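Below is one structure; the comments refer to it alone.
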Amino acid sequence: MYRIPFLDLPPLAGAAGTVRLPGSKSISNRVLLLAGLAEGRTLVHELLASDDTAVMLDALRALGCTVEQDSASGALAVTGIGGRLPVHAARLYLGNAGTAMRPLAAALAVLATLQGGEFELSGVARMHERPIGDLVAALRPLGCTIDELGTPGYPPLRLRGTAGGRLALERAIRVRGDVSSQFLTALLLALPLAADAQDIVVEVDGELISKPYVEITLNLLARFGIAVRREGWQRFTIPQGSRYRTPGTIHVEGDASSASYFVALGAIAATGGDVLRIEGVGSDSIQGDIRFVEAAQAMGADVRTGPGWLEVRRGRWPLQGITLDANHIPDAAMTLAAMALYAEGPTRIEGIASWRVKETDRIAAMAAELRRVGASVVEGADFIEVSAPETWLPAAIRTYDDHRMAMCLSLAAFNPTVGARVPLRILEPHCVAKTFPDYFEALFALAKADPADIPVITVDGPTASGKGTLAAEIAAALGYGLLDSGALYRATGIAAMWDGVSPDDEAALATLAEGLDLRFGDGADAGRTWLRGRDITDELRLETSGLMASRVSAWPAVRAALHALQLSFRRAPGLVADGRDMGTVIFPDAALKVFLTASAQERAARRHKQLISKGISASLADLRADLEARDLRDRSRSVSPLKPAEDALMLDNSALSIEDSVAQVLAWWQQRRPFGHSA
Ligand SMILES: Nc1ncnc2c1ncn2[C@@H]1O[C@H](COP(=O)(O)OP(=O)(O)O)[C@@H](O)[C@H]1O
Ligand SMILES: Nc1ccn([C@@H]2O[C@H](COP(=O)(O)OP(=O)(O)O)[C@@H](O)[C@H]2O)c(=O)n1
């Protein structure tokens, strides 16, 4: 996940490959609640790991459920409370997870009334602006005591009762269904707790919206042994004697709403024989948002599907604007608004009043951000109409702490498919953690870009000037990849030492460099390096390796042999490369070139400190002599000598801290980006 203030997406030209979707948020949180209320242990496979499921899991733990990783199956094991509260007081923080707030409020209201207890439910500020009054209004007539601790009709809530209370279940329970279907879902998930002695009937007032989500609820209740009888979409009966029974093992489908971004991506960018394959959700899905596929097809997507998979290619091009009542796919419909950027004629999405009460006011947010990239947008109380940009603008996109805003708008980076070539900045990209923490990684793995469009920042300079440190910090701040080119020469030197190849044998060294079996770790292994399968992370940093590198790197054939390997590091979203000739020879078109220097005395002192801290003894005088010899060799060699590129910015950091150097380079970078200073 990118935990940075902004992520810049270069112009992306195509897409191909396979993406495995994370588990569905709606299914994950329903399954967790049902497993938490049931008796016995439920093994949950492919659970979504995200902010919203994390708050649900914390809540279940606080309520006395056991949650653990099952080592045999790799699944998450939840041991439920079997309908009996072991804990009678808790304060639960539920972030911005509507799928946790609503059903937990209903379940705890019922449990507190029957078994006694006091529970407080709260969330982030936006959660306290998301309505829950209709659920409270449905529960109070049953005898539940619910205190609204903030604005009436909104969380936070306190649910309390004394043991031995009873619920008035003789008459049908009435709930409004026209603002959010989550209130009905919450009641259906919670009321089996009270169905010992009689049937429980729930009746919906008003036209029920988002029916497919209620279908997911019914489907999962059935998996947990509760067969709700449904008459139309108006009346639901929980049979007397219903009890949650764990199915033992349950698999969570991939998220169909998350699939929508990749369906759109395939329709926009999988061309010329390329295919975008989506795994984890397909024709057998129980999620309503799978019907997004039909809408995407209407706009031009070429989609094939089977159980658990979808394959998407570009069909009609440009896409075709449509008018659609999207009441049945409220979340995925946002993706249609992004597809409209590539469509002929306007795309009008109607029946989406519920967008206004989601993570943010999604109609307003969508309109504002699509306009920023150049689209024309008309918005109304319950619709949005989007027409493609005539001129694409490089935009810094606000994301409103709304994962779907970030994911939808990222599709605007594919503007080269319509002849534009503008980068895009996504502010606060970590908001995707709500449902798809590695969304951008997945996107970059599929995306194709013209290397010339992928930004490179080069940091060249003499030894111990702080290039490696600076480059790593800049890369981390921007979410870019890192090329430590010195490591390639160091590894070549190590391979030469292993094989007994002389540092003067240019041809043999070039052969070694050409076939260098080098692997850089990522994820948990980030920072580690393997040569021929052997971990050389520590060996790489030894002074002997540096000296050897300095010698082998002087040979033109060695430099030529490593050229292509260095270019291959230029991948989306961008690259920071450090070395001696990054700006002059390898990436002459780099968007920012920094030449880093510091006095020989300062550099020797830094290296000395660095070695001492690693427990390696060294003499300051020797180090200074060595680095001056290396500087001389680097500067005076015939190929790729160490020198600043003509367009490099000089940074002498003798008197600067690491933070100051990083801040200076990031400031230079901001000036070169087209997003303006407010971004
Ligand atoms: N601006 C700076 N001020 C003080 N020390 C620094 C600065 N930049 C880097 N260092 C320290 O100097 C040492 C050498 O830095 P390094 O990044 O390995 O240099 P290079 O890659 O240029 O050889 C490291 O211990 C690092 O922490
Ligand atoms: N792009 C590069 C990077 C390193 N090198 C050589 O490889 C040696 C080791 O590089 P490095 O960046 O790991 O070394 P330090 O700057 O950390 O000493 C340098 O002394 C250079 O001679 C090079 O010639 N070209």
Side-chain angles (χ1 to χ4, degrees), residues 458-475 482-494 496 503 509 513 527 529 536-537 539-556 558-563 565-567 569 576-587 590 593-614 616 618 623-624 626-643 645 651-665:
T458 60
V459 183
D460 288 308
T463 184
S465 56
K467 303 178 301 295
T469 310
L470 177 68
E473 296 258 345
I474 299 292
L482 186 63
L483 167 59
D484 169 8
S485 61
L488 308 185
Y489 294 101
R490 286 171 183 257
T492 306
I494 292 171
L509 290 169
T529 310
I536 56 159
T537 312
E539 201 172 343
L540 263 186
R541 306 290 14 131
L542 295 178
E543 283 304 283
T544 45
S545 305
L547 284 173
M548 190 68 177
S550 167
R551 295 184 65 183
V552 305
S553 66
W555 295 115
V558 172
R559 303 197 76 84
L562 291 174
H563 198 129
L565 177 59
Q566 294 177 79
L567 295 183
F569 279 75
V576 184
D578 94 77
R580 302 293 186 283
D581 59 344
M582 298 296 97
T584 48
V585 176
I586 306 295
F587 302 110
K593 299 177 186 178
V594 178
F595 195 83
L596 198 62
T597 54
S599 67
Q601 185 188 338
E602 177 65 27
R603 289 187 285 128
R606 287 178 189 171
R607 191 62 96 214
H608 187 247
K609 206 167 139 196
Q610 197 177 25
L611 291 173
I612 300 292
S613 74
K614 285 188 193 154
I616 304 169
L623 282 171
R624 180 160 177 176
D626 274 352
L627 69 84
E628 285 181 334
R630 265 216 266 169
D631 286 356
L632 184 65
R633 189 157 39 225
D634 284 347
R635 288 207 170 93
S636 53
R637 71 185 169 219
S638 60
V639 284
S640 305
L642 170 64
K643 62 165 190 211
L651 183 60
D652 183 333
N653 70 2
S654 306
L656 294 181
S657 69
I658 295 173
E659 296 72 37
D660 291 340
S661 308
V662 171
Q664 174 62 75
V665 174

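Just so it is clear, the values below take in all heavy atoms, side chains as well, and ignore hydrogens, waters and symmetry mates. Fair warning: this is a prediction, and the values are worked out from it, not measured in the lab. For ligands, and for the atoms within them, numbers begin at 1 and follow the listed sequence.
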May I ask you to identify, for [X], whether its side chain, its backbone, both or neither come under 4.0 Å of ligand 2 on a heavy-atom basis?
| X | answer |
| --- | --- |
| Gln566 | neither |
| Arg630 | side chain |
| Thr463 | both |

For ligand 1, which atoms, with element, lie under 4.0 Å from some heavy atom of Arg607?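 Ligand 1 atoms under the 4.0 Å threshold to Arg607: 14 (C), 18 (O), 23 (O).
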Restricting to non-hydrogen atoms, name the atom on [X] and the atom on [Y] that form the minimum distance, rounded to 0.1 Å.
| X | Y | value |
| --- | --- | --- |
| Asp631 | Pro462 | OD1-CB, 3.5 Å |
| Leu509 | Pro503 | CD1-O, 3.5 Å |
| Ala598 | Ser465 | N-CB, 4.4 Å |
| Leu656 | Asp652 | CD1-O, 4.0 Å |
| Ser654 | Glu602 | O-CD, 3.8 Å |
| Leu611 | Ala618 | CD1-CB, 3.9 Å |

Thr463/Arg607 under side-chain contact (heavy atoms from CB on, under 4.5 Å): CA gap, chis, key distance, verdict: CA-CA 9 Å; Thr463 184; Arg607 191 62 96 214; 3.1 Å; yes
Which residue owns the protein heavy atom closest to [atom], what's the atom, and how far is it?
| atom | result |
| --- | --- |
| atom 9 (C) of ligand 1 | Gly466 CA, 3.5 Å |
| atom 22 (O) of ligand 2 | Asp634 OD1, 2.6 Å |
| atom 6 (C) of ligand 2 | Ser553 OG, 3.5 Å |
| atom 17 (O) of ligand 1 | Thr469 OG1, 2.5 Å |
| atom 23 (O) of ligand 1 | Ala464 N, 2.9 Å |
| atom 27 (O) of ligand 1 | Ile658 CD1, 3.8 Å |
| atom 24 (C) of ligand 1 | Gln610 NE2, 3.4 Å |
| atom 3 (C) of ligand 2 | Ser485 OG, 3.4 Å |
| atom 4 (C) of ligand 1 | Arg606 NE, 3.5 Å |
| atom 21 (O) of ligand 1 | Gly468 N, 2.8 Å |

Full working for side-chain contact (heavy atoms from CB on, under 4.5 Å) between Arg637 and Ser553: CA-CA 9 Å; Arg637 71 185 169 219; Ser553 66; 3.5 Å; yes
Identity of the nearest option to [atom], non-hydrogen atoms only, from [options]:
| atom | options | value |
| --- | --- | --- |
| atom 7 (O) of ligand 2 | Ala549, Gly493, Ala487 | Ala549 |
| atom 25 (N) of ligand 2 | Arg559, Lys467, Arg541 | Arg559 |
| atom 11 (P) of ligand 2 | Arg490, Arg551, Arg635 | Arg490 |

Tell me, with the steps shown, if Arg630 and Ser550 meet side-chain hydrogen bond (donor to acceptor under 3.5 Å, both in side chains). CA-CA 7 Å; Arg630 265 216 266 169; Ser550 167; 5.0 Å; no
Could you grab the distance from atom [atom1] of [X] to atom [atom2] of [Y], nearest 0.5 Å is fine?
| X | Y | atom1 | atom2 | result |
| --- | --- | --- | --- | --- |
| Leu627 | Leu547 | CG | CG | 10.0 Å |
| Ser661 | Leu470 | OG | CG | 6.0 Å |
| Thr597 | Lys467 | OG1 | NZ | 11.0 Å |

Show your working on side-chain contact (heavy atoms from CB on, under 4.5 Å) between Gln610 and Arg606 and close with a plain yes or no. CA-CA 6 Å; Gln610 197 177 25; Arg606 287 178 189 171; over 6 Å; no
Heavy-atom distances under 4.0 Å are what count here, so tell me which part of [X] touches ligand 1: side chain, backbone, both or neither.
| X | result |
| --- | --- |
| Leu656 | backbone |
| Ser661 | side chain |
| Lys609 | neither |
| Ser657 | backbone |

Per-pair distances, 0.1 Å, donor-acceptor, side chain in residues 576-586, under 3.5 Å, sequence neighbours excluded:
residue: Arg580; atom: NE; partner: Asp634; partner atom: OD2; Å: 2.9
residue: Asp581; atom: OD1; partner: Arg559; partner atom: NH2; Å: 3.4
residue: Asp581; atom: OD2; partner: Arg559; partner atom: NH2; Å: 2.9
residue: Asp581; atom: OD2; partner: Ser640; partner atom: OG; Å: 3.4
residue: Thr584; atom: OG1; partner: Asp581; partner atom: O; Å: 3.4

At a 4.0 Å threshold, what atoms of ligand 2 neighbour a non-hydrogen atom of [X]?
| X | result |
| --- | --- |
| Gly486 | 3 (C), 4 (C), 10 (O), 11 (P), 12 (O), 13 (O) |
| Arg607 | 15 (P), 17 (O), 18 (O) |
| Met582 | 1 (N) |

Please indicate whether any nitrogen or oxygen in Ser465 is less than 3.5 Å from any nitrogen or oxygen in ligand 1.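 Yes; at least one N/O pair falls below 3.5 Å.
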Taking N or O atoms only and a 3.5 Å limit, does Glu602 qualify as a polar contact for ligand 1?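 Looking only at distances, the answer is no, because the N/O contact criterion of under 3.5 Å is not met.
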So does Leu540 get a backbone contact from the side chain of Arg490, meaning a donor-acceptor N/O pair under 3.5 Å?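 Pair found, side chain donor or acceptor close to backbone of Leu540.
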Checking Thr492 side chain against Leu488 main chain: does a donor-acceptor pair fall under 3.5 Å?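 Yes: the side chain of Thr492 pairs with the backbone of Leu488.
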Non-hydrogen atoms of Arg637 versus ligand 2: any pair closer than 4.0 Å?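 Flag set, Arg637 near ligand 2.
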For ligand 2, which is the ligand I care about here, please tell me if Tyr489 has any N or O atom under 3.5 Å from one of the ligand's N or O atoms.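 The answer is no, given that Tyr489 and ligand 2 share no N or O pair closer than 3.5 Å.
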Can you find an N or O of Arg580 that's nearer than 3.5 Å to an N or O of ligand 2?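 Yes - when backbone and side-chain N and O of Arg580 are compared with those of ligand 2, one distance drops under 3.5 Å.
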Within 6.0 angstrom of Lys609 NZ, more than 12 heavy atoms from elsewhere: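 Not buried by this count: 12 neighbours or fewer within 6.0 Å.
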